[in-house]
Novice: 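Before anything else, here's the structure in question.
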Amino acid sequence: GAVVSQHPSRVICKSGTSVKIECRSLDFQATTMFWYRQFPKQSLMLMATSNEGSKATYEQGVEKDKFLINHASLTLSTLTVTSAHPEDSSFYICSAREQVTGGWNTIYFGEGSWLTVV
Amino acid sequence: AQKVTQAQTEISVVEKEDVTLDCVYETRDTTYYLFWYKQPPSGELVFLIRRNSFDEQNEISGRYSWNFQKSTSSFNFTITASQVVDSAVYFCALSGGRYGGSQGNLIFGKGTKLSVKP
């Protein structure tokens, strides 16, 4: 079963409103989570790295005030798209890093969230 | 700079044919990880393989095999006797940079859409 869960899987919102997407690690604690964005028929682009208890690190070109990331606990990171516009319509997918001592920190991806702004 | 190139945008084959998906990467890091993911139409990412830069052994898993050639910076993926269920977009990804790639933030290629026709 999924070890990283995203909710909602699909959301339609009106232009100008805000929408929150949750990313939860189910079986492990994730001090670090990542948010990616994928436009139709395009690749996944890293938006930001979400660190538990501290501010997210945003990739160049990603608006911090538009894409608010909160990582308040070791199992939950949220992405809030503020004042959404149709061009924000996209597939948003998160991943969570499971810390492993002395080895690769396994990355698990969520199922993704389809956002449509109308 | 790090980069992943998947030159094949779309490939169409007939069932039972073998197909190879190409992946070429660029990185200045000496330690890094390479990945392949499958993305069916539903959108979720399905992990296929992770390979670290020190392990150049080819790997076979059922009908899947991977050829890692460090000398040519390539990490190609072959599906033998393709099936209709293999139809999906396949992404090659690279994780490098700080901490030798174990941070978990991935750089994805643009993906190759594979269509397997009956």
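So you know, we letter chains A, B, ... as the sequences are listed, proteins then strands, and number each from 1.
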Novice: Would you check if the side chain of Ser43(A) reaches a backbone N or O of Gly111(B) as a donor-acceptor pair within less than 3.5 Å?
Specialist: no
Novice: Look only at the side chain of Tyr36(A) and the backbone of Asn105(B), and say whether a donor-acceptor pair between them is shorter than 3.5 Å.
Specialist: no
Novice: Would you indicate whether His85(A), at its atom NE2, is surrounded by more than 12 heavy atoms from other residues, nucleotides or ligands within a distance under 6.0 Å?
Specialist: yes
Novice: Counting only non-hydrogen atoms closer than 4.5 Å, does Gln38(A) touch chain B with its backbone (N, CA, C, O), its side chain (CB onward), both, or neither?
Specialist: side chain
Novice: Let me know if Gln39(B) has heavy atoms under 4.5 Å from chain A in its side chain, its backbone, both or neither.
Specialist: side chain
Novice: Under a 4.5 Å heavy-atom cut-off, does chain B meet the side chain of Leu44(A), its backbone, both or neither?
Specialist: both
Novice: So what's closer than 4.5 Å to chain A heavy atoms on Thr9(B): side chain, backbone, both or neither?
Specialist: neither
Novice: Are Val19(A) and Leu76(A) linked, directly or through intermediate hydrophobic residues, by side-chain heavy-atom contacts shorter than 4.5 Å (ILVMFWY only)?
Specialist: no
Novice: Which value, rounded to the nearest 0.5 Å, describes the distance between Phe35(B) atom CZ and Ile107(A) atom CD1?
Specialist: 7.0 Å
Novice: When rounded to the nearest 0.5 angstrom, what is the spacing between CG in Leu45(B) and OG in Ser95(A)?
Specialist: 9.0 Å
Novice: If hydrophobic clusters are built from ILVMFWY residues whose side chains come within less than 4.5 Å, do Met45(A) and Phe91(B) share one?
Specialist: no
Novice: Same cluster or not: Val62(A) versus Val117(A), using hydrophobic residues (I, L, V, M, F, W, Y) connected whenever any side-chain heavy atoms lie under 4.5 Å apart?
Specialist: yes
Novice: Flag yes if more than 12 heavy atoms outside Lys55(A) fall under 6.0 Å of its NZ atom; otherwise flag no.
Specialist: no
Novice: Going through the distances and angles, do Phe47(B) and Tyr108(A) end up as a ring-ring contact (aromatic ring centres under 6.0 Å, His included)?
Specialist: CA-CA 8 Å; Phe47(B) 170 80; Tyr108(A) 298 98; 8.7 Å; no
Novice: With hydrophobic residues grouped by side-chain heavy-atom distances under 4.5 Å, do Val11(A) and Ile69(A) end up in a single group?
Specialist: yes
Novice: Counting only heavy atoms not in Gln57(B) (residues, nucleotides, ligands), do more than 12 fall under 6.0 Å from its CD?
Specialist: no
